[in-house]
**Q** 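Before I ask anything, here is the structure I am working with.
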Amino acid sequence: VQLQASGGGLVQAGGSLRLSCAVLGIDISASNMYWFRQAPGKQREWVASIAIGGATVYPDAVKGRFALSRDNEKNTVYLQMNSLKPEDTAVYFCRLDAGRIYWGQGTLVTVSS
């Protein structure tokens, strides 16, 4: 199983990015999917989750700005990030839970002020 995260980059505050997590080796339609992030010197924190049925949950820090979606045909999840803030700067990781937990390699998001 491989999770390939992409879409990170440098963006100005107020801008947008869309992260992708393409999954190989397992069908995501039977899995809960998550995004986490880890800023320098900080612990990894949960950013978004999407259940098998499509229900999404977000922490207050990103609610209303981030949107997680899934395309089961492409076996990919997308994290649309709008109104980005400098404090959103972090390495973003996708995670798949299917009995076992799998992590992607991370993609760096840098938001300049």
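This structure is a prediction, so every number in the text was calculated from the model and none was measured.
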**Q** Report whether Y58 and L17 are members of the same hydrophobic cluster (ILVMFWY, side-chain heavy atoms less than 4.5 Å apart, transitive linking).
**A** yes
**Q** For residues V57 and I101: do they belong to one hydrophobic cluster (side chain heavy atoms under 4.5 Å, members Ile, Leu, Val, Met, Phe, Trp, Tyr)?
**A** yes
**Q** Do any N or O atoms from the side chain of T107 and from the backbone of S6 form a donor-acceptor pair under 3.5 angstrom?
**A** no
**Q** State which residues pass salt bridge (charged side-chain N to carboxylate O under 4.0 Å, His left out) with D60; sequence neighbours excluded, sorted by chain then number.
**A** K63
**Q** Report yes if the side chains of Q43 and Q38 come closer than 4.5 Å at any heavy-atom pair, otherwise no.
**A** no
**Q** Mind checking the SG-CH2 spacing from C21 to W103? Nearest 0.5 Å is all I need.
**A** 11.0 Å
**Q** Can you see whether S16 engages N82 through a side-chain donor-acceptor pair at a distance of less than 3.5 angstrom?
**A** yes
**Q** With a cut-off of under 6.0 Å to the ring centre and 45° to the axis, is R95 in cation-pi contact with Y34?
**A** yes
**Q** Are any non-hydrogen side-chain atoms of T56 and R70 less than 4.5 angstrom apart?
**A** no
**Q** Is there a donor-acceptor pair closer than 3.5 Å between any side-chain N or O of T89 and the backbone N or O of V111?
**A** yes
**Q** Should L68 and F36 be counted in the same cluster of Ile, Leu, Val, Met, Phe, Trp and Tyr side chains packed under 4.5 Å apart?
**A** no
**Q** Hey, could you give me the CD1/CG distance between I28 and D97, rounded to the nearest 0.5 Å?
**A** 13.0 Å
**Q** Could you tell me the separation between the OG atom of S31 and the CD1 atom of I26, rounded to the nearest 0.5 Å?
**A** 4.5 Å
**Q** Mind checking the CG-CG spacing from N75 to L24? Nearest 0.5 Å is all I need.
**A** 7.5 Å
**Q** Kindly give the heavy-atom pair with the smallest separation between P86 and A13, and that separation in Å.
**A** CD-CB, 4.1 Å
**Q** Only pairs at least two apart or in different chains count here, so list each salt bridge (charged side-chain N to carboxylate O under 4.0 Å, His left out) that has a residue in residues 73-87.
**A** none
**Q** If you take all heavy atoms of S112 and L10, which pair is closest and at what distance?
**A** CB-CD1, 4.3 Å
**Q** Assess R44 against F93: is NZ or CZ under 6.0 Å from the centre of the six-membered ring, and within 45 degrees of the ring's axis?
**A** yes
**Q** Working to the nearest 0.5 angstrom, can you tell me the gap between M33 CE and S49 OG?
**A** 11.0 Å
**Q** Are V91 and L19 connected, step by step, through hydrophobic side chains (Ile, Leu, Val, Met, Phe, Trp, Tyr) whose heavy atoms are closer than 4.5 Å?
**A** no
**Q** Once rounded to the nearest 0.5 Å, what's the spacing between atom SG of C94 and atom CD of Q4?
**A** 9.5 Å
**Q** Should V1 and V77 be regarded as members of a common hydrophobic cluster, given that ILVMFWY residues are connected when their side-chain heavy atoms come within less than 4.5 Å of each other, either directly or indirectly?
**A** yes
**Q** Indicate yes or no: at least one non-hydrogen side-chain atom of P59 is less than 4.5 angstrom from one of W46.
**A** yes
**Q** Does the side chain to side chain contact (heavy atoms under 4.5 Å, CB included) test come out yes or no for I50 and N32, once each step is laid out?
**A** CA-CA 6 Å; I50 185 165; N32 295 318; over 6 Å; no
**Q** Tell me, with the steps shown, if T76 and V23 meet side chain to side chain contact (heavy atoms under 4.5 Å, CB included).
**A** CA-CA 6 Å; T76 300; V23 179; over 6 Å; no
**Q** Kindly assign one of parallel, tilted or perpendicular to the pair F66 and Y92, based on the angle between their ring planes and the thresholds 30° and 60°.
**A** tilted
**Q** Only counting residues at least two apart or in another chain, list the ones meeting salt bridge (charged side-chain N to carboxylate O under 4.0 Å, His left out) with R65.
**A** D88
**Q** Using distance alone, with no hydrogens and no angle criterion, decide if Y78 and R18 have a side-chain donor and acceptor under 3.5 Å apart.
**A** no
